[in-house]
Amino acid sequence: MKNIKLIYKLFLLLAVVFVVSCDDSDDINDVVSQIDTGLDTNNTVFFNNDTDSADIYTGTNILNELNISAISELPTDTNVVFSVMFQDGTAAVEGTDYAVNDGIIASGAQEGAGSVVFYNVGDYEVSITGNDGASLNNTPSKLIYKVVPTVTFSIVWADSFYDYDMFYLDGFDASLTDVYTNGIPEGLTTLGYSGGISNMEAVTILSTDLVGETYLYLEDYYNDNASIDVTLTVAIEDGASTDFPIVMDMDKFAFKVEGTETDTGVTFTYEVL
Amino acid sequence: MIKNYLVAMLLFFGFAQVVAQQQITGTVSDDTGPIPGASVVVKGTTTGTVTDFDGKYTIEAKNGDTLMFSYVGYDAKEVIVIGSVMNVILESGVALDEVVLVGSRRSGRTVLDSPVPIDVIDVQEVASLGAQTTVNEILNYVAPSFTSNAQTVSDGTDHVDPASLRGLGPDQVLVLINGKRRHKSSLVNVNGTVGTGTVGTDMNSIPSSAISKIEVLRDGAAAQYGSDAIAGVINIVLKKATNELTLNVNSGANISKHSEQYDEGGIDGEKFQIDANYGVDLGKNGGYINFTGSLENRGATNRSDSMGQPIFTMFDIAARNLGYDEAYNMNPGALASYVAGLDPTLQAVYDQGVANGDSYLDIIASDGATFEGDTSNPAPITEYELAQRGLTRDDFRMKIGQSKLRGGKFLMNMELPLDDAGSTVYAFGGISFRDGLGAGFYRRPAYTDGRGNQEALPNGFLPHIASKIIDKSLAAGIKGKIGDWDVDFSNTYGTNSFDFTIENTVNATLGTSSPREFEAGGFSFAQNTTNLDISKFYEDTFSGFNVAFGAEYRVENYQLIAGEEASWASYDVNGEIVTGSTPDADLVTSYFGNTVPGGAQVFPGYRPENEVNQNRNSYAGYVDLEADITEAFLLSTAFRYENYNDFGDTFNWKLASKYKFSDDFAVRAAYSTGFRAPDLHQIYFNATATQFVGGIPIEQGTFANNSRLAQLLEIPSLKEETSKNFSLGFTAKLPDLGLKFTVDGYIVNVEDRVGLTRSFGPIDAESQELFDNASATAAKFFTNGFDLDNKGVDLVISHTMALGKGNLTNNLSATFREVEVKNVKEILGEEILDETLKGYIEDAMPSTKLNLTNTYKCEKWNVMLRNVYFGAVNDPDFRGTATPVEYGAKVVTDLSASYDLMDNLKITAGANNLFDIYPDEVPFEDSQYGDQFIFSRRTSQFGFNGRYVFGRLTFTLK
C-alpha cells in the first residue's frame, strides 16, 4: 500500500503522543487525614452534666447533682468551688435562695460531683469559680437552673386494705392495664411514680413537665375493682390546692391535666376521667 | 524530543508534496460571462481557492488531479487536470443541494425537495473550524432547536450529556447511523437535571472524525422509523473516504476568569485529542473500507469557591485533642463545656447557645455566626479548627464543573459491491471506551449523621464517582436488486454499559476498617434490530412514484448489576450486616445520636434485590408511498404497525406534502402520529435503600413500575407515549442574492409522557397501610404521568457571496418554542410532578436560540465568527417559590481561523466563548451551598466553563 511506511510512523507518533498526554493521576484531592498539629489543652475542670442543654429545669428543695470532670486524672484530691447567682446578674443568697456543696474529684480520678438545692423559684446561674488543684483551669461555661413551681398530686383513701399506685404519664393509651405485668406502653414516658403500701401516694412533677396533656394513671394493685372512694389533691407550689373525688373500680386513667405555658408560668385545666 | 520528531515529520511530508506540483490557471464563467467568487478545489485535499472579479483563478495541482468547480445556483463540475490552463463553463441549476438519507425512502431526495425540515451539517467543515469536537457539542452550537450541555455532580449523567431537540426529551429523538437505528445508553437519568427520568442515546461514543455529515430531521417520523422519533430523527452518515489519511491533533483549555477557582483565573479543562481517519478501496467496483480512531483526554474544570459551609463542630475539636473514642464517650454537656473553655471565641459560641436555650448538641454542631462574608465574626468553630489543623477552606472545595474524561473510540465503515448490478455487502461498527471521573458532595466532618467518618478521616473527604462506559456496535447487511425491486436486509447490534467505581470514599458504618474504594454495580443495555426494506421507484407513474415497505424485528435486554456488599450494606458495631433483628444498641450512631448511613458514601451501590435482567421484543411492518404527483406537487404517506410483547401494539401514520410554486419557493406541511415505547430502563430500574424501624426493614427510593408498592398504589403498567405532530413551513431561494430560507412552524402534542415522579410517602391511615404492606416509607416511580404541548418556529437563512478574493457564507438559524406540561396525574391526591420537575421540562432550557455564523474563505485562509444567542431560562429549584429566579439571555461568541500551511497541512486556532461569558449566578447565597454552586447546577444555557481556547493541526496525506 502506498505510504504504508508513513502510516506506520504516524501510528507510532499517535501512540507516543497518547502516552505523553496520558494522565495517570485520578486527580483526587485527599485532604490530609492525619492531624499534625499539637494539642491545645491544659487540664481543665468542666461541667459533666448529662442533660440535653444547659437549661436544667428543677424544683425547689430538690437535690441537683453538679457533675464535674477533668481532662485527665488528678494527682491529688481536688476541691472545686461553685458560685450561684441569679441569671440576670443579681446576687443570690446562700441559705436563703440556695445551698451548695463543693465538688470533689478524688486523687487518681477524673470525675466528681457537688450539689445544689434551690429554695426559691427563679433562674439561677451556676459556675465553677475555683479549685485547689495544681495547674487546673476552670471552664467559663455555666449551667442555668430554671427553678419552677412544682405540682404535687396526692391520693388518699380510707382503707389501707386496698392498694392503689400512681403513675404520672405524658400521654394516654386506653389499652393500658396491669402495668406491673404489661409495662408502660411504648411511646409513653413516666413523669412520676409512687407505689407504696399505705393508703396514700404522692408524686411531685415540675410544672413545666405538665405543658400539654398529661395523665394520672392509677393501678389497682390487687385488682379489687371495689369502687372505693379516693380523694385526689392537686397542689401547686405556692398556689392553689384542689381536691377531686375519684372512684377506684379498676386500673384506669383517672385524671387529665392540660397545661398551657404563659409569660407568667404554666396554667392548668383539670378533668376527672 | 516529541516536538522535534513532529517537526521532522511535517517537513518530510511537506517536501514530498512539493514535488510534481504545478500552477494551474484559468477562468470560470457561465453563458453570460466570468463568475467571481466561484470555488475551485483540488478534489480530496483542502487545497482550494476562489475566482477573482474577472473569474480568474490560480491553484497548485498536478496532472491527473481532479479540480472541482462550484458556485451557488450552478451545477458543480469536476475536471481532470491536463496541462496548466483549465477554463471552465458552469451551467445554472439547483446545485449544492445535499442529498439526504433521512425523511424519505426515495433515494436522491435533497434537502430542498424534502416535505419536512431537514438540516444537513457538514461535520468536517464544522469540526475543522470550531472548538467543538464531540457530536453533542457540534449539534448544540450548529443545529437549530438542539440543546445539550454537560452536567455536574450528577453521577453518571456527568459523562452523558442529556440532549434535546425542539425542547422535547432526550428520549424523544431517534438516532440513526447510516440510516440504521442506534442503540440507547444504559443509563437512565435519575438526578435533578434536565432530562431527568429519561434514557437518551449517547452520541458522544461516536468519533466526530468518522462522520461525513449529520442530517437532522425536525419532524415526527415514527410512522417511518418507529419508536422515539417524536421530536425528530438524527441520522449520522459515516465517512467513505479512501486513499486518504486525515490526522487531527487537537489541543485546548479553558482560560477564563473563573478557571481553577471562582474569581481567581487560570487554566483548567485541558483537552487533548488526536483523531485519525483512513480508508482503502475494496474491489474494483467502488467498494471501500474506512477506519477512524480517536483518543481523547479531557481535564476537569472547577468553578467553585472556598467552602463556605460549616466544616467542623465542637466534637471535632474534642476528638482532635482527646482522641475520637474519648470524645465520643463524653456527654454533650461535658464536651461543650470542655471545648468552650479552650478559647474565648468558642466560649462565645457556647454562651450564645445557652442564652438561646439551645441543646448541647445544637451548640456543639453550630458554627456560631454564619459565614457570609462577615469577616468581623466568621464561623468561629470552623475557623478555630482550621487554624489548629493548618488547613484552609480551599482544602474543602467541591469540584463543580466539567468532569475528567479519558477515552478511545474506533469506528469502521465499509461497502463491498458484489457485482455490477448493484449488489453490495456493507457493514459498520465500532467500539468506544470512556473513563470518566466526577465528584460528589464533600463529606465534611460537620455532618452530624457521621457520614464524614471522622474516626477514620478526621478532615472528611471528597468522594468521586468513576464511570467506565463501554459502547460496542456492529451493523451488517446486504442490498441489491431483486427484479426491479431494491432490497436491503440488515442486522444491527449495539450495546452500552456503565460500571461505577466509587473512589476516595468510605462506608461510614465500618469506621476505620472501611475500604476506600467500592465497586457499586452498573447497567447494561443491548439491542438487536433486524430490518428488511424493499422499495421500487416508478419513473413513469406521475412524475415519479416511490413505493417502499418493510419489516423490523427488535430484541432488547436491560440489566442492572449489583455492587459489592460493602458498597450497599449497613453494618452494625460488630461488623455484621444490619437486619431486622439487630438491636438498636448495636447500630452505628454518630455522636449526635443519628444512625450512620450505610453503603458507599455519595453513591450507595445497587443491592442484589435491585438486580434486573429483562428482555423485550417487538416487530413492525410499514408501508411508505411517495409520489411526485406533478413536478411541483409532492405527496407522501407512511403507515407503520408495531407490536411490543409487553405493552401491546400501536399504529401510526404520516401525511406530508410539498408544493413548489416555483424553482425558488415551496410550501410544505406534514401531519403525523407517533409513539415512544417506554424504555426497559424506565420499567425495571429500581434503587432502594433499607432502614430498620422497630426491627422492620423499610425501603425508600425509586421503585420499579412492576413493584408491589406500585401495584398497591394502583400505578398502571407503563405503556407507550403517543404524539400528534403538525408542521407547516416554506422554503425559498433568491439565487441572485445567494440566499436560501426555510421557515417551519410546528405543534407537537404528547400524551401519557413517561416521567419520574416526585417522592411520595403515606399521608393518611389508608395510605400508611399500603406503604406498610410494601415495607416502604418513601417512593418514586416511573409512570405515564402527564401530557406535553410543544410548539415553535424554526428559521434557517443561508447566504453566500463573493467578497474580495474570497467567499463569505452567512448562516442564521433561530428557534422559538414553548413547552407546557398539562394533565398531570396524581398519586395519593398529589400531582406526580412538583414545580421543580415541571421546571425541568418547561423552562430550564432556552425557549429562544439564535445562531449567526459567518465564514470567510479566501485562498489559504478560512475564518469563522459565530454568535449564538441563548434565551433566558428559569431555575427549577426556585419555581413555585416566592422568589422565582430567571437567568438572563446571553450571547456567546466563537472566533477561529485556519491557514493552509502546506497543501496537506492546516493549522487552526480560535476560541469558543471568546468574551468569557458566564450564565447569571445563583442570586441567593444560601442557595449556593457555601459558594460551591455559584452557577446553577439545575439549568445551564451553555455550560459554565467560560472561554475555551484551542489549536488544531490537520494533516491530510494521499
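- Taking B/Gly333, B/Pro463, B/Pro344, B/Gly408 one by one and counting their heavy-atom pairs under 4.5 Å with chain A, the maximum is reached by B/Gly333.
- Side-chain atoms of B/Val339 and A/Phe46, non-hydrogen and from C-beta on, never get closer than 4.5 Å to each other.
- Contacts of A/Leu143 with chain B are made by side-chain atoms alone, with heavy-atom separations under 4.5 Å and no backbone atom involved.
- Around CG of A/Asp173, the count of heavy atoms belonging to other residues, nucleotides or ligands within 6.0 Å exceeds 12.
- In A/Glu65, the CD atom is not crowded: 12 or fewer heavy atoms of neighbouring residues, nucleotides or ligands sit closer than 6.0 Å.
- Using a 4.5 Å cut-off between heavy atoms, B/Glu326 contacts chain A through its side chain alone, with no backbone atom that close.
- Atom CD of A/Glu261 has 12 or fewer neighbouring heavy atoms from other residues, nucleotides or ligands inside a 6.0 Å radius.
- Pairing each heavy atom of B/Ser337 with each of A/Thr139, the nearest pair is O-OG1, 3.1 Å.
- For A/Thr51, the parts lying under 4.5 angstrom from a heavy atom of chain B are both the backbone and the side chain.
- Heavy-atom distances place no part of A/Glu125 under 4.5 Å from chain B, backbone and side chain included.
- Under the 3.5 Å distance criterion, the side-chain polar atoms of B/Tyr338 are left unmatched by any main-chain donor or acceptor of A/Ala70.
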Yes or no on side chain to side chain donor-acceptor pair (under 3.5 Å) for B/Asn331 and A/Asn48, after CA distance, side-chain angles and deciding distance? CA-CA 7 Å; B/Asn331 65 55; A/Asn48 190 14; 2.5 Å; yes

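- Minimum heavy-atom separation, B/Ala336 to A/Ser141: O-OG, 4.5 Å.
- Only the side chain of A/Asp55 comes within contact range of chain B, with at least one heavy atom under 4.5 Å from a heavy atom of that chain.
- Looking only at heavy-atom pairs under 4.5 Å with chain A, the residue among B/Val354, B/Asp343, B/Asp351 that has the most is B/Val354.
- The two residues B/Ser359 and A/Ser53 make their nearest non-hydrogen contact at CA-CB, 3.4 Å.
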### Message
side chain to side chain contact (heavy atoms under 4.5 Å, CB included), that's the test. Do A/Ile71 and B/Leu322 meet it? Break it down for me.
### Response
CA-CA 8 Å; A/Ile71 296 172; B/Leu322 304 174; 3.4 Å; yes

